[in-house]
Amino acid sequence: MNASPPDTQATAGAVATAAPDGAPEAMDAAEGEADRPVTPREAVSVLIAAALKPKAVKAFAKSWSIRLTALAVGVLIWQWATAINFNYFINFENIPSPVKVWTAFVAHVQSTEFYIHIAVSMQRIFIGYMSAVGLGILLGLVIGRSRLARDVISPYIEILRPIPAVAWIPLAILMWPTEESSIIYITFLGALFPIILNTAHGAELTPDVLIRAAKSLGANRREIFWHVVIPAALPSITAGLAIGMGVSWFSLLAGEIISGQYGIGYFTWNAYSLINYPDIVVGMLMIGGLGTLSTYAVRLATRPLLSWQRRSR
Amino acid sequence: MIANIINLSRDKDASAAAVQAGKNLSSEGKGHVTIEDVSVVFGAGADAHTAVESTQLEVQPGEFLCILGPSGCGKSTLLNSVAGFVQPSSGTVAVDGAPVTGPGPERGMVFQQYSLMPWKTVRDNVAFGPLLAGQSKSEAQSIAYTFLNMVGLTRFAKHYPAELSGGMQQRVGIARALANYPSVLLMDEPFGALDAQTRLMMQENLLRIWEDFGTTVMFVTHDVDEAVFLADRVVIMSAAPGRIIDDFRVDIPRPRTTDITTDDTYIQLKRRCMDRIRSESLRAFEQQNH
């Protein structure tokens, strides 16, 4: 059939063979697990399914148009509140309007310095976050599987975890040799705790029957850890990784108060000092936007690890 | 098409080889289980609870033994002591003369709950045991295909467990236990969670595999029909404390199909089981009321 000249039948056949792959994926997207990232492959299969399953695509498009509309409504309310100098308990008189923020943003996008701020921040987040991933997963697994380790380590976690990033500034400066390392340390701390706690939680929840099954198949402790405990904890670990990325950005501003030159957190802090209101909001939104994007990237990167879970229903 | 035919014939050869290997195991007189005066006590002091009390049991190589009893009578505990998950408080358990000190691949276990690794494909679940035993990846996979063929699930090799029905998952569980060429197959109410239709099919399927493979089977159940249909020999356990109160042979010729359920011997043996269990349940019930 493929060899025959391109007539309507061949096309129909090609679409039909694409259906079993495309359709369920499109359904997934349509059923809208809101936090799940959409891979390019999935986007393609959504398009393929478009010809066959207009319903699924409609639902997908609907979900996104609702999201965008919701954001637009928020911006409109903000614009309206600043335009009429809204002042009733909450005061919008000195709040920059979306238009002013947008103008400031466009001006910054045209300057090289803005990109340096972003690049420097991203580098700090990357180093801090990656160190937190390595140490956090390791500690989490150990805590989850060993009572002794849990008793030794968890008091530290419980005490250190509620301390806000800002409170660490003086000690971070005293402890670390360079400014840069103190900033990275603060973003590292932000990511560390959610990763440890989620990993430990996942490792604790390993179903006992799976451990017994592995034992009766001849697995030793190391093999059980590798083939049972870690995979069983993966859904929890990946959730921790996504949360950790968010908290890492959350702590960034505190870290970059230390810095005297670059970083999007520094940019925002500097705008505070200069009382440049539109820039404050630009900085805030940049942190929010970059945080969202990197959390999305983490979700996308960890997704293949959970392919076994997606298939179950 | 052609590839399929080649595949099928290869599977057949492999399955014949596996059957041969299984036969060899039983013909060497392997799978001889001895339970000597075993007691299992959980807890201590006032909370101590005797799950199994001074139990004596010998299972012959290649024998299909069903342990029948009401729920909570300690039959699973007895099986777990052979599996090595439970250490007897006194007495010894040995398989082919070697005392049981912990779980091991020579005693394959099929659990009541679904116990496949959800993150491994069906094939990799079955190949896991051979892989742990030091086989190469390709050898382990070909063993996996052999046993998947035996339970009729080659087609689902690359699926994940969650994509399979409960009955299919249990068949994979059986294939996984057999892939280690165990001398004893331990089954803890493996069909308990299945619907009646599927259960019947699974029982026939299991008998067919066992008749080919010839390994010793210890099968725990609370279902009288299941015990009499499957077993060469049935032992009945009483509740609290668990003791063996009856032990008889099921002399119904094999191969057995569901037709035997109208057989006189079958009905008699079934009645015997039910009477024993009823009087035991009554006794336990009265004991609880005291």
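Numbered from 1 within each chain, the chains take letters A, B, ... in sequence-line order.
Scanning residues 184-192 of chain B against chain A with a 4.5 Å heavy-atom cutoff picks out nothing at all. Applying a 4.5 Å heavy-atom cutoff, the residues of residues 124-136 of chain B that approach chain A are B:F128, B:G129, B:L132. Residues of residues 101-110 of chain B that come closer than 4.5 Å to chain A, counting heavy atoms only, are B:P103, B:G104, B:P105, B:R107, B:M109, ordered by residue number.
Between A:L210 and B:M117 the shortest heavy-atom distance is O-CE, 3.7 Å.
Shown here are the salt bridge (charged side-chain N to carboxylate O under 4.0 Å, His left out) partners of A:R145, two or more places apart in sequence or in another chain: there are none.
Here A:P231 is the residue among A:A213, A:P231, A:A214, A:A232 with the most heavy-atom pairs under 4.5 Å with chain B.
Taking 4.5 Å as the limit, some side-chain heavy atom of B:F85 sits within range of a side-chain heavy atom of A:S216. Annotation: side chain of A:S307 is in contact with side chain of B:Y160 (closest heavy-atom distance under 4.5 Å). Between B:Q112 and A:V209 the shortest side-chain heavy-atom distance does not fall below 4.5 Å.
B:W119 places no side-chain N or O within donor-acceptor distance of the main-chain N or O of A:L305, the cut-off being under 3.5 Å.
The line from OG of B:S115 to CD1 of A:I211 is 12.5 Å long, rounded to the nearest 0.5 Å.
Under a cut-off of 6.0 angstrom, the local environment of NE2 in B:H32 is crowded, with over 12 non-hydrogen atoms contributed by other residues, nucleotides or ligands. Remark: A:F225 CZ is packed, more than 12 non-hydrogen atoms of other residues, nucleotides or ligands lying under 6.0 Å away.
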